[in-house]
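Notes to accompany the following structure.
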Amino acid sequence: MFGGQLDLHSGGIDLAFPHHENEIAQCEAFHRCKQWGNYFLHSGHLHIKGKEEKMSKSLKNYITIKDFLKKFSPDVFRLFCMRSNYRSAIDYSDSSMQDTQRLLLGVTSFVEDARAYMRGQLACASVREDQLWERLADTKVAVKAAFADDFDTPRAVDAIMSLIHHGNRQLKAVTKETAGPRSPAVFGATVSYIEQFLETVGISLANQQFVSGESSSATLHGVVEELVHFRQKVRQYALATKEASRDIRHQQLLERQPLLEACDALRRGLAIHGINIKDRSSTTSTWELLDQRTKEHIPGS
């Protein structure tokens, strides 16, 4: 079926001998070739943390995919696997999955913040564009080198997270944006590269943005957008007291305090349903959807 030569052959490390040795012997004899398989990728085992034996159906120490998906998304598991070398054994635990989930939500949060900046919704200090372009170029080289070095996925993920860390440092929100040119192009290129990297390894940030349900994602997105915009207008009105005297401003804030409290209550209520609102300033708010497979509320970075 596979012919006289196979480029890649994968399997668990426990199959290297005798199973794969036996395959090589039979296939090279049958096809009369000197090398049937070019590369064998032997993966480490998945362990339950604290136990030495591998996760196995025969040992009845496994977690079903159905049970796993009640808590976490498939993308969280993919990223969890990528944080370890494929040759190494990895320990599964809820805490390690939650750490990975926080990491993925951090990626999502950065992408949303970068898009908010590109739309002019996020005010921040002057961006060191030259540093970000250099960091992006270095990251591309580092990721390619990591994958070329025996699929060193932990090193590739670390390079991506370092890029995000430096991007976040440039996106620190300020009350009033400083004068000077904005730099949407470098953030657009950075977001595009991060999404391309994740898509290559089977992770989609788009799946992180919508809560599953009967109504369509597009409809839900539109409803939340309108709700957040309305809340933003109410908040803007409640805080707009600049032209009044000090005593009048104080009186207006007292009178409008119930509006601000209602805005905060709405934000807390939506957070329960996985919708995280970020107030960037008195006039700007953005939002993101969090993964609903966990009961833990993890605020955006």
Side-chain angles (χ1 to χ4, degrees), residues 72-86 96-149 151-173 182-211 217 221 274-276 278 280 286-291 293 298-301:
F72 306 103
S73 71
D75 286 342
V76 170
F77 186 74
R78 292 187 181 102
L79 185 59
F80 167 71
C81 291
M82 288 188 66
R83 297 178 71 189
S84 299
N85 187 279
Y86 76 92
S96 59
M97 298 309 303
Q98 288 164 359
D99 287 343
T100 305
Q101 184 179 56
R102 278 189 281 269
L103 196 67
L104 187 57
L105 287 173
V107 175
T108 304
S109 182
F110 166 73
V111 169
E112 288 300 309
D113 286 351
R115 286 176 174 158
Y117 173 81
M118 289 186 283
R119 292 192 297 263
Q121 295 176 333
L122 175 59
C124 61
S126 297
V127 171
R128 293 296 304 272
E129 188 172 352
D130 56 335
Q131 292 183 1
L132 286 180
W133 281 120
E134 182 179 359
R135 178 64 59 173
L136 177 59
D138 290 345
T139 301
K140 291 180 178 180
V141 172
V143 168
K144 187 174 182 180
F147 278 131
D149 184 14
F151 291 107
D152 192 347
T153 55
R155 187 149 57 99
V157 171
D158 285 346
I160 292 294
M161 296 312 299
S162 178
L163 174 64
I164 290 173
H165 171 72
H166 283 83
N168 274 327
R169 289 175 60 184
Q170 301 280 359
L171 286 176
K172 288 184 178 178
R182 293 174 59 79
S183 308
V186 67
F187 283 105
T190 300
V191 168
S192 177
Y193 176 70
I194 291 171
E195 289 180 329
Q196 179 187 354
F197 170 84
L198 294 174
E199 183 180 348
T200 300
V201 298
I203 297 174
S204 172
L205 289 184
N207 293 336
Q208 313 297 319
Q209 302 304 307
F210 302 114
V211 178
S217 295
H221 188 280
I275 299 170
N276 185 32
K278 294 182 179 181
R280 305 297 185 180
T286 59
W287 65 277
E288 62 186 356
L289 292 180
L290 305 180
D291 197 327
R293 290 176 172 84
I298 304 172
S301 61

Tell me, do Val107 and Met161 make a side-chain contact under 4.5 Å, heavy atoms counted? yes

Check Phe80 against Ser96 and note the closest heavy-atom contact, atom names and distance. CE1-OG, 3.7 Å

Are there over 12 heavy-atom neighbours, none belonging to Arg119, within less than 6.0 Å of that residue's CZ? yes

OG1/Thr100 to CZ/Phe77 distance, rounded to the nearest 0.5 angstrom? 10.0 Å

Rounded distance [0.5 Å steps], CG in Leu79 versus CE in Met97: 8.5 Å

Can you check whether Leu104 reaches Ile203 side chain to side chain, under 4.5 Å on heavy atoms? yes

Value for OG (Ser204) from CG (Asp75), rounded to nearest 0.5 Å, stands at 6.5 Å

Taking side chain as C-beta onward, heavy atoms only, is Asn85 less than 4.5 Å from Thr153? no

Could you give the distance from CZ (Arg128) to CH2 (Trp133), rounded to the nearest 0.5 Å? 15.5 Å

Distance-only check: which donor-acceptor pairs under 3.5 Å involve side-chain atoms of residues 187-196, not counting sequence neighbours?
{"from": "Thr190", "atom 1": "OG1", "to": "Val186", "atom 2": "O", "distance (Å)": "2.8"}
{"from": "Glu195", "atom 1": "OE2", "to": "Arg115", "atom 2": "NH2", "distance (Å)": "2.3"}

Do you know which two heavy atoms are closest between Ser183 and Val127, and how far apart they sit? OG-CB, 4.0 Å

Quick check: do Ser109 and Asp113 have side-chain heavy atoms less than 4.5 Å from each other? yes

Nearest 0.5 Å, please: how far is CD in Gln98 from CG in Leu103? 13.5 Å

Rounded to the nearest 0.5 Å, the SG atom of Cys124 sits from the CZ atom of Arg280 at a distance of 10.0 Å

For residues 138-149, which residue pairs pass the side-chain hydrogen bond (donor to acceptor under 3.5 Å, both in side chains) check, not counting sequence neighbours? Asp149-Arg155

Run the side chain to side chain contact (heavy atoms under 4.5 Å, CB included) test against Ser84 and tell me which residues pass, sequence neighbours left out. Ile90

Closest heavy-atom contact between Glu112 and Trp287? OE1-O, 3.8 Å

Could you list the residues that satisfy side chain to side chain contact (heavy atoms under 4.5 Å, CB included) with Ser162, not counting sequence neighbours? Arg135, His166

Do Arg83 and Asp158 have side chains that approach each other closer than 4.5 Å (heavy atoms only, starting at C-beta)? no

side-chain contact (heavy atoms from CB on, under 4.5 Å) between Phe147 and Val201, worked out: CA-CA 11 Å; Phe147 278 131; Val201 298; 4.2 Å; yes

Glu129: partners by salt bridge (Lys or Arg N to Asp or Glu O under 4.0 Å), with sequence neighbours left out: none

Kindly indicate whether the side chain of Pro154, heavy atoms from C-beta on, has any atom under 4.5 Å from the side chain of Val157. no

So which atom in Ala116 and which in Thr286 form the shortest heavy-atom distance, rounded to 0.1 Å? CB-CG2, 3.7 Å

Residue list, side chain to side chain contact (heavy atoms under 4.5 Å, CB included) with Glu199, at least two apart or on another chain: none

